[in-house]
There are 2 protein chains.
Amino acid sequence: MRRFFHPDASSLDLPRVLHALSDPVRLEMVRRIAAAGELTCGALGEARPKSSMSHHFRTLREAGVIRTRVAGAVHLNALRGDDLEARFPGLLAVVLEKS
Amino acid sequence: MRRFFHPDASSLDLPRVLHALSDPVRLEMVRRIAAAGELTCGALGEARPKSSMSHHFRTLREAGVIRTRVAGAVHLNALRGDDLEARFPGLLAVVLEKS
DNA sequence: ACTGATGTTCGAGAATTTACGAACTATGGA
DNA sequence: TCCATAGTTCGTAAATTCTCGAACATCAGT
């Protein structure tokens, strides 16, 4: 069973989180994950190669923006909404705002 | 008289703004500008070469985070608080929060 | 006009990030 | 066990970004 690194809530770093969110592809991923609650990698990777998507998932995961859990053969990704809200109140609302 | 490019409020781009804020040096610059209201470039550039600071000022300026006005021999930098708040409500509060 | 102070621009090198194919791992089902 | 599916990791090439020195421009004061 594969294991991923997830920073714990208290060590979330603002520049790192902002950088993770500053890529248009990742921003869109985050919005769709937020809207769906939980999404497999495949559900987001229609347009790009899997290895590219995997890179973006990793960036989001290691910044603490999403949490990835293994469910059988698929990986389910969810926003770390509570952790983000606790550490950077209001950030998620800004990012999820459809402008 | 030198003229700078400042994007107008309506064309502020979230990924671009987030990227501008995702650098620790620039994040600190923004916080100090916000605290002071308006600051010269020199007031922020004690530690790094002027050309490096100028690059960061430009990045912030062209993302629409700060506005630079020329006042005699110095450049005064201020946060574009109203524009940012209008376009991305709550973002500034998150960024200026001293965690 | 000369000088000092303030910043920008230019150019180049180093570091980081992005993108993507290929090989690999793990899981569930036939 | 064999096979297809899901996704990661590796290696590499291209694009961005960061950093900084050097040269340049502008302004204030003398």
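No hydrogens, no waters, no symmetry mates; every other heavy atom, side chains included, goes into these values. Reminder, nothing fancy here: chain letters follow the sequence lines and each chain counts from 1.
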Inset, instruction - Kindly give the heavy-atom pair with the smallest separation between A/A43 and A/E46, and that separation in Å. - result: O-OE2, 2.6 Å
Inset, instruction - Rounded off to whole Å, could you give me the CE-to-P distance for the A/M53 and D/dT5 pair? - result: 20 Å
Inset, instruction - Please report, rounded to the nearest Å, how far the C1' atom of C/dG7 is from the CZ atom of B/R58. - result: 13 Å
Legend entry - Gap between atoms NZ and P, on B/K50 and C/dG4 respectively (whole Å): 14 Å
Inset, instruction - Whole angstrom is fine here: how far is it from CZ in B/R3 over to C1' in C/dT9? - result: 17 Å
Legend entry - 5′-ward residue of the pair A/G72/B/T40 relative to DNA chain C: B/T40
Legend entry - Distance in angstrom units between B/N77 CG and C/dT6 C1', rounded: 12 Å
Inset, instruction - Tell me, please, which residues at least two apart from B/S10 pass side chain to side chain contact (heavy atoms under 4.5 Å, CB included). - result: B/D8
Inset, instruction - For residues A/F57 and A/H75, establish whether the separation of their ring centroids is below 6.0 Å. - result: no
Distances for protein N/O vs nucleotides 15-20 of chain D N/O pairs under 3.5 angstrom?
| from | atom 1 | to | atom 2 | distance (Å) |
| --- | --- | --- | --- | --- |
| D/dC18 | OP1 | B/R26 | NH2 | 3.1 |
| D/dC18 | OP2 | B/R26 | NH1 | 3.4 |
| D/dC18 | OP2 | B/H55 | NE2 | 3.2 |
| D/dT19 | OP2 | B/H56 | NE2 | 2.8 |
| D/dC20 | OP2 | B/S52 | OG | 3.3 |

Legend entry - Those residues that, when tested against A/T59, pass side chain to side chain contact (heavy atoms under 4.5 Å, CB included) (two or more places apart): A/A20, A/R26, A/H55
Legend entry - side chain to side chain contact (heavy atoms under 4.5 Å, CB included) partner of A/L79, the single match among A/L60, A/V95, A/I66: A/I66
Inset, instruction - Can you tell me the distance, in whole Å, between the CZ atom of B/R69 and the C1' atom of C/dT6? - result: 15 Å
Legend entry - Value in whole Å for how far the C1' atom of D/dT9 lies from CZ of A/F4: 11 Å
Legend entry - A/N77 side chain vs A/L39 backbone, donor-acceptor pair below 3.5 Å: yes
Inset, instruction - Answer yes or no: does a side-chain N or O of A/R61 lie under 4.0 Å from OP1 or OP2 of D/dT8? - result: yes
Inset, instruction - Take atom CG of A/L39 and atom C1' of D/dG7, then tell me their distance rounded to the nearest Å. - result: 14 Å
